[in-house]
Amino acid sequence: MNPIQVGLCGWGDHDLYERGTVSKQKLAVYAGHFPVVEVDSTYHAIAPAARIEAWCNETPDDFRFVVKAYRELTGHGRLEHAPERSWQQLVAETIASLEPMRKAGKLSAVLFQFPPWYDCNLKHVNYIRKIRQAFMDFTLAIEFRHQSWFMPQYQDRTIHFLQENQLIHVICDEPQAGLTSVPFIPVITHPEQVIVRFHGRNVAGWNNTGQPNWRDVRYAYRYSQAEIDALAHEMKQLVKATKQLTLLFNNNSQGDAQESARLMIDTLGIRFTGLAPKQLTFF
């Protein structure tokens, strides 16, 4: 694998597919363009192991997944009508779900993205320790969305905490819009891997949660060449100190993630091998 992997968050909503491509064909087509993807559907429901295994079978040997943890495991709460399960049941079902991907060697990390109100306090620190213990056989990535974790009095302790527990600090490029956003901190906390997620820089849309079109504008942003140049410089520094650098573009409220990712690939001069055959788009 290339030491820098670039992909998108989700594979269903991007402008990669010929008209008439059905949903079950899209992952195979996506894998002809990018070598890694973030699975977002697992945030809404724990996927059956058979579905996870099918995703592995539909992708090339070198393809990788970053799987988003189910919402009840990250403090987002249970959706109405979702089954009520204990902590032990949630952990057991998640492990059983991910086991085929882990065994296949295609699971880069399980992403625990905590909510904007998940601030830096002892209770939350202890919960993350609990997660680390529950998923000892998995590589875990932690994304904070409350600025308190990186305030001057806590930043060094946050980084040290992630390092000592071998948790990947998810580096975020996102709007700087108050307490519910975090700064870009290019620090490595895991000995094997770094994950960077690009959310865009739409300050006006980031905290506009009361509007009916919030989800349509929150991640609406296209990175300029100058912005990608600056970010690519940071990526080149990071890859010197890690075995695997995974870059995931989430700025897709209006379809910009694909173009931003391609711009990053071109700027870094990456040429991926081992992608799925492009002719799969015609099946």
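Every heavy atom of this structure was used, including side-chain atoms; hydrogens, water molecules and symmetry mates were not. None of the values given here were measured: they were computed from a predicted structure. Position 1 is the first residue of the sequence, and the numbers go up from there.
Each of L263 and V36 belongs to its own hydrophobic cluster when Ile, Leu, Val, Met, Phe, Trp and Tyr are linked at side-chain heavy-atom distances under 4.5 angstrom.
Scanning for side-chain hydrogen bond (donor to acceptor under 3.5 Å, both in side chains) contacts around R197 gives E38, E143, H199, with sequence neighbours left out. For R262, the side-chain hydrogen bond (donor to acceptor under 3.5 Å, both in side chains) partners are H33, not counting sequence neighbours. Applying the salt bridge (Lys or Arg N to Asp or Glu O under 4.0 Å) test to R78 and every residue at least two apart in sequence or in another chain returns E84. In this structure, S181 has no side-chain hydrogen bond (donor to acceptor under 3.5 Å, both in side chains) partners at least two apart in sequence or on a different chain. Take E234 and apply the salt bridge (Lys or Arg N to Asp or Glu O under 4.0 Å) test, not counting sequence neighbours, and it matches no residue. Under the side-chain hydrogen bond (donor to acceptor under 3.5 Å, both in side chains) criterion, R64 pairs with no residue at all, not counting sequence neighbours.
For the residue pair Q225 / D229, a side-chain donor-acceptor distance below 3.5 Å is found, with atom types taken as modelled.
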Considering only distance and modelled atom types, tabulate donor-acceptor pairs under 3.5 Å from the side chains of residues 130-140, sequence neighbours left out.
from	atom 1	to	atom 2	distance (Å)
R132	NH1	Q166	O	3.3
R132	NH2	F135	O	2.8
R132	NH2	F138	O	2.6

Check: residues 5-15 side-chain donor-acceptor pairs under 3.5 Å, at least two apart:
from	atom 1	to	atom 2	distance (Å)
H14	ND1	N252	ND2	3.2
H14	NE2	G10	O	2.8

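Looking at L27 and F65, their side chains come closer than 4.5 Å, going by heavy atoms from C-beta outward.
Pairs engaging residues 96-108 under the salt bridge (charged side-chain N to carboxylate O under 4.0 Å, His left out) rule: E99-R102 [sequence neighbours left out]. Annotation: ring-ring contact (aromatic ring centres under 6.0 Å, His included) contacts involving residues 223-261, sequence neighbours excluded, comprise F198-F249, Y221-Y223. Sequence neighbours left out, the pairs with a member in residues 160-191 that pass ring-ring contact (aromatic ring centres under 6.0 Å, His included) are F150-H169.
By the 6.0 Å contact criterion, OH on Y154 is open, its count of non-hydrogen atoms from other residues, nucleotides or ligands being 12 or less.
Cluster note: L179 groups with M151 through ILVMFWY side-chain heavy atoms spaced under 4.5 Å, whether in direct contact or through intervening members.
Aromatic ring centres of H124 and F114 lie farther apart than the 6.0 Å criterion allows.
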